[in-house]
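Counting from 1, the numbers follow the sequence of the chain as shown. Please read these numbers as outputs of a predicted model, since none were measured by experiment.
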Amino acid sequence: QVQLVESGGGLVQAGGSLRLSCAASGGTFSSYAMGWFRQAPGKAREFVARISKTGSSTYYSDSVKGRFTVSRDNAKNTVYLQMDSLKPEDTAVYYCGRSRGSRGTNYATEYLYWGQGTQVTVSS
């Protein structure tokens with residue numbers, strides 16, 4: 001049984017930084033792409049970033065490109081999201097997901113397993 005557990009969320013002022021972690025258990029972590037999505041109140045879940053199974057390829061939404069960095073440590077079965085220059089509009093619950101395959105896509109339907117989410121709140 002695959003389980004994903006996010007951590008690292010919290011309250012931060014605009015311009016600050018947070019680092020999210022997503023620890024995976026069960027399955028073969030290094031065989032699958034991983035993604036980060038977020039959901040603000042009243043809005044649909046939206047793509048933030050994804051990383052291929054080896055970590056050699058990364059992709060970002062336009063809204064976070066240049067500010068967020070996704071990485072993974074396959075030895076620790078963990079994927080990270082470093083968030084810098086945070087803005088109030090980044091406020092959301094952040095979820096990590098495990099893709100069906102090795103590259104992933106920007107669509108939430110591609111991801112079979114999800115964590116419980118971690119709240120990120122950015123104050124102005």
Side-chain angles (χ1 to χ4, degrees):
Q1 177 119 8
V2 175
Q3 288 191 319
L4 303 174
V5 179
E6 300 99 335
S7 61
L11 173 65
V12 64
Q13 288 188 331
S17 298
L18 284 174
R19 188 193 195 203
L20 305 185
S21 299
C22 172
S25 60
T28 307
F29 179 76
S30 60
S31 295
Y32 299 94
M34 298 293 293
W36 285 97
F37 288 72
R38 65 188 182 187
Q39 189 165 17
K43 295 188 176 182
R45 190 168 296 192
E46 66 169 354
F47 168 74
V48 174
R50 61 184 171 96
I51 185 167
S52 62
K53 67 176 183 177
T54 62
S56 60
S57 298
T58 57
Y59 305 86
Y60 300 92
S61 68
D62 288 343
S63 62
V64 308
K65 197 174 297 182
R67 299 187 297 122
F68 290 12
T69 303
V70 61
S71 62
R72 67 190 294 162
D73 185 339
N74 285 345
K76 295 183 178 180
N77 287 357
T78 302
V79 61
Y80 305 97
L81 186 67
Q82 177 67 42
M83 305 187 295
D84 298 318
S85 302
L86 282 161
K87 304 175 181 179
E89 50 264 43
D90 294 319
T91 295
V93 177
Y94 283 70
Y95 298 90
C96 69
R98 199 194 83 171
S99 174
R100 298 173 185 266
S102 61
R103 291 180 58 83
T105 72
N106 297 0
Y107 300 97
T109 52
E110 166 71 11
Y111 297 80
L112 291 181
Y113 300 98
W114 295 94
Q116 82 289 350
T118 186
Q119 176 70 48
V120 171
T121 303
V122 185
S123 64
S124 57

Should Val93 and Leu4 be counted in the same cluster of Ile, Leu, Val, Met, Phe, Trp and Tyr side chains packed under 4.5 Å apart?
->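 Each belongs to a different hydrophobic cluster.
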Separation of Leu81 CG from Met34 CE (nearest 0.5 Å) |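 Between Met34 CE and Leu81 CG, I get 11.5 Å after rounding to 0.5 Å.
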Between OH on residue Tyr107 and CZ on residue Arg50, distance to nearest 0.5 Å =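 Nearest 0.5 Å value for the OH-CZ distance: 10.0 Å.
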Would one find more than 12 heavy atoms of other residues, nucleotides or ligands at under 6.0 Å from atom CD of Gln3?
->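 No.
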Can you get from Tyr80 to Tyr59 by hopping between Ile, Leu, Val, Met, Phe, Trp and Tyr side chains that sit under 4.5 Å apart?
->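 No; Tyr59 is not reachable from Tyr80 via cluster members.
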Between OG1 on residue Thr91 and CZ on residue Arg38, distance to nearest 0.5 Å |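 One gets 9.0 Å once the value is rounded to the nearest 0.5 Å.
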Within the side chain of Thr28, is there an N or O that forms a donor-acceptor pair under 3.5 Å with the backbone of Ser30?
->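 Flag not set: sc Thr28 to bb Ser30 has no pair under 3.5 Å.
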So how far is it from Ser56 OG to Ile51 CD1, rounded to the nearest 0.5 Å?
->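 Answer rounded to 0.5 Å: 8.0 Å.
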Lys87/Asp90 ion pair, N-O < 4.0 Å |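 Salt bridge between Lys87 and Asp90, a charged N being under 4.0 Å from a carboxylate O: no.
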Are Leu112 and Val48 connected in the hydrophobic side-chain network, where two residues link if heavy atoms are under 4.5 Å apart?
->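 Leu112 and Val48: one cluster.
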Roughly how far apart are Glu89 CD and Ser124 OG, rounded to 0.5 Å?
->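 If I round to the nearest 0.5 Å, the distance is 10.0 Å.
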Do any pairs count as a disulfide (SG to SG under 2.5 Å) and have a residue in residues 66-124, sequence neighbours left out, and if so which ones?
->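 Sorted result for residues 66-124: Cys22-Cys96.
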Please determine if Arg72 forms a cation-pi arrangement with Phe29, meaning its NZ or CZ atom is less than 6.0 Å from the six-membered ring centre and no more than 45° off the ring axis.
->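 Cation-pi check for Arg72 and Phe29: passes.
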For Asn74 and Lys53, indicate whether the former's side chain and the latter's backbone hold a donor-acceptor pair under 3.5 Å.
->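 Present.
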Name the orientation class of the two ring planes belonging to Phe68 and Tyr94 (parallel below 30°, tilted from 30 to 60°, perpendicular beyond 60°).
->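 Phe68 vs Tyr94 ring planes: tilted.
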I would like to know whether Met83 and Val122 meet side chain to side chain contact (heavy atoms under 4.5 Å, CB included); could you show each step before the answer?
-> CA-CA 11 Å; Met83 305 187 295; Val122 185; over 6 Å; no
If you group Ile, Leu, Val, Met, Phe, Trp and Tyr by side-chain heavy-atom gaps below 4.5 Å, do Val79 and Leu20 land in one group?
->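 Linked, Val79 and Leu20 end up in one cluster.
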Would you give the length of the straight line joining atom CZ of Phe47 to atom CH2 of Trp36, rounded to the nearest 0.5 angstrom?
->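 Here the interatomic distance stands at 13.0 Å.
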Do other residues, nucleotides or ligands put more than 12 heavy atoms under 6.0 Å from the CZ atom of Arg103?
->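 Counting other residues, nucleotides and ligands, CZ of Arg103 stays at 12 neighbours or fewer.
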